[in-house]
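Worksheet: the structure to be examined is printed underneath.
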Amino acid sequence: YGSTRPERILAEVKRKATRGDARSVVDTIDQYCRHQEWAMNVGDEKGTILDSIVCEVKPRAMLELGTYCGYSAVRIASLLPPNSRLITMEFNPVFAAIARQVIAWAGVEDKVVLIEGPSGDWIPKMKKEFGLTSFDLVFLDHWKDCYLPDTKLMEECGLLRTGSILVADNVICPGAPDYLEYVRGSPRYESKYFRSHLEYTRVEDGIEKSVFLG
Ligand SMILES: CCCNc1ncnc2c1ncn2[C@@H]1O[C@H](/C=C/CNC(=O)c2cc(-c3ccc(F)cc3)cc(O)c2O)[C@@H](O)[C@H]1O
Ligand SMILES: [Mg+2]
């Protein structure tokens with residue numbers, strides 16, 4: 001019977017990565033997706049840009065939209081200061097189940113809360129459910145046509161404060177043109193483009209970092 005790509009990625013992590021070593025899980029997935037089969041992880045090149053922003057911001061409360069196999073959740077969690085939390089949302093139960101195991105194998109489950117469900121349903125509930133005031137940092141890596149509506153929803157739900165930072169993957173490939181136009185055109189954001197490449201390829205892609213000004 002045919003396994004799914006996320007199942008094959010999890011199998012590779014269990015075969016090759018050292019249990020409890022987040023870095024080895026990240027490197028194992030990068031090796032596999034570069035040399036065996038491509039997958040839509042943020043990857044090593046753009047991942048380094050994401051790492052530098054996480055280290056600069058040192059978020060107490062961070063949100064990720066689109067967990068997929070948990071690659072970026074593990075990458076981010078390994079950099080979080082003590083008693084900081086990454087909340088990551090994934091609405092595909094198959095992907096969520098794989099991601100939970102990847103996160104556990106990496107030994108970062110005490111820093112990551114994986115919510116199974118669509119962002120549109122959960123964003124309005126975040127404050128109450130998690131006793132949150134706002135997010136210091138948000139990583140957008142889910143459906144590209146949902147970046148803008150979800151950003152507006154986070155604004156409306158008061159989940160962004162002056163200085164909150166949005167980091168969006170794939171603003172060139174596959175692209176999120178309406179989102180880019182919004183954050184670059186709005187006086188409420190200070191936006192910056194970090195040029196890079198689509199994970200594991202030479203195709204141009206990039207990450208947009210946008211500071212919410214309130
Ligand atoms: C209700 C829809 C919006 N809300 C949502 N709430 C929670 N999880 C959501 C989600 N949308 C999507 N997801 C999940 O995020 C993930 C989706 C990510 C979409 N990403 C891409 O399409 C993507 C695609 C590429 C890509 C680039 C070039 C190419 F030729 C082919 C693919 C590269 C990337 O880095 C990407 O991130 C899945 O796990 C999905 O189940
Ligand atoms: Mg992506």
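Whatever order the structure lists ligands and atoms in, that order sets their numbers, starting from 1. One is the number of the first residue; the rest follow in order along the sequence.
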Residues Gln101 and Lys14: side-chain donor-acceptor under 3.5 angstrom: yes

Residue pair Thr28 / Glu12, side-chain donor-acceptor N/O under 3.5 Å: no

With a cut-off of 4.0 Å, which atoms of ligand 1 are near a heavy atom of [X]?
{"X": "Leu198", "result": "27 (C), 28 (C), 33 (C)"}
{"X": "Gly117", "result": "6 (N), 7 (C)"}
{"X": "Gly66", "result": "15 (O)"}
{"X": "Ser119", "result": "3 (C), 4 (N), 5 (C), 6 (N), 7 (C)"}
{"X": "Tyr68", "result": "39 (O)"}
{"X": "Met89", "result": "7 (C), 8 (N)"}
{"X": "Asn92", "result": "41 (O)"}
{"X": "Glu199", "result": "33 (C), 34 (C), 35 (O)"}

Give me the nearest non-hydrogen protein atom to [atom] as residue plus atom name, then the distance to 0.1 Å.
{"atom": "atom 38 (C) of ligand 1", "value": "Glu90 OE1, 3.6 Å"}
{"atom": "atom 32 (C) of ligand 1", "value": "Trp38 CH2, 3.6 Å"}
{"atom": "atom 11 (N) of ligand 1", "value": "Trp143 CD1, 3.3 Å"}
{"atom": "atom 24 (C) of ligand 1", "value": "Pro174 CG, 3.6 Å"}
{"atom": "atom 13 (N) of ligand 1", "value": "Phe91 CE2, 3.6 Å"}

Taking [Y]'s backbone N and O only, do any of them form a donor-acceptor pair with [X]'s side chain (distance below 3.5 Å, no angle check)?
{"X": "Lys192", "Y": "Lys209", "answer": "no"}
{"X": "Arg19", "Y": "Ala106", "answer": "no"}
{"X": "Ser72", "Y": "Arg75", "answer": "no"}
{"X": "Asn170", "Y": "Gly175", "answer": "no"}
{"X": "Asp136", "Y": "Arg60", "answer": "yes"}
{"X": "Lys58", "Y": "Cys55", "answer": "yes"}
{"X": "Arg100", "Y": "Glu109", "answer": "no"}

Ligand 1 N/O within reach of [X] N/O, cut-off under 3.5 Å:
{"X": "Asn41", "result": "no"}
{"X": "Lys144", "result": "yes"}
{"X": "Asp169", "result": "yes"}

Atom name of the N, O or S atom in Asp169 that lies nearest to the Mg ion (ligand 2): OD2

Closest approach to the Mg ion (ligand 2) by Asp141, given as the N, O or S atom name: OD1

Separation of Asp145 CG from Asp178 CG (nearest 0.5 Å): 7.5 Å

Among Asn170, Thr67, Asp141, closest by any non-hydrogen atom to atom 18 (C) of ligand 1: Asp141

Cation over ring face, Lys125 and Phe130, 6.0 Å, 45°: no

Cation-aromatic face contact Arg184/Tyr193, 6.0 Å, 45 degrees: yes

Asn170 near the Mg ion (ligand 2): N/O/S under 2.8 Å: yes

N/O/S atom of Glu199 inside 2.8 Å of the Mg ion (ligand 2), strictly under: no

Proximity of His142 and Tyr147 rings by center, below 6.0 Å: yes

Per-atom contact, atom 30 (F) of ligand 1, protein heavy atoms, under 4.0 angstrom: no

Contact partition for Trp122 relative to ligand 1, non-hydrogen atoms under 4.0 Å: neither

Within one Ile-Leu-Val-Met-Phe-Trp-Tyr cluster: Val167 and Val26, side-chain cutoff 4.5 Å: yes

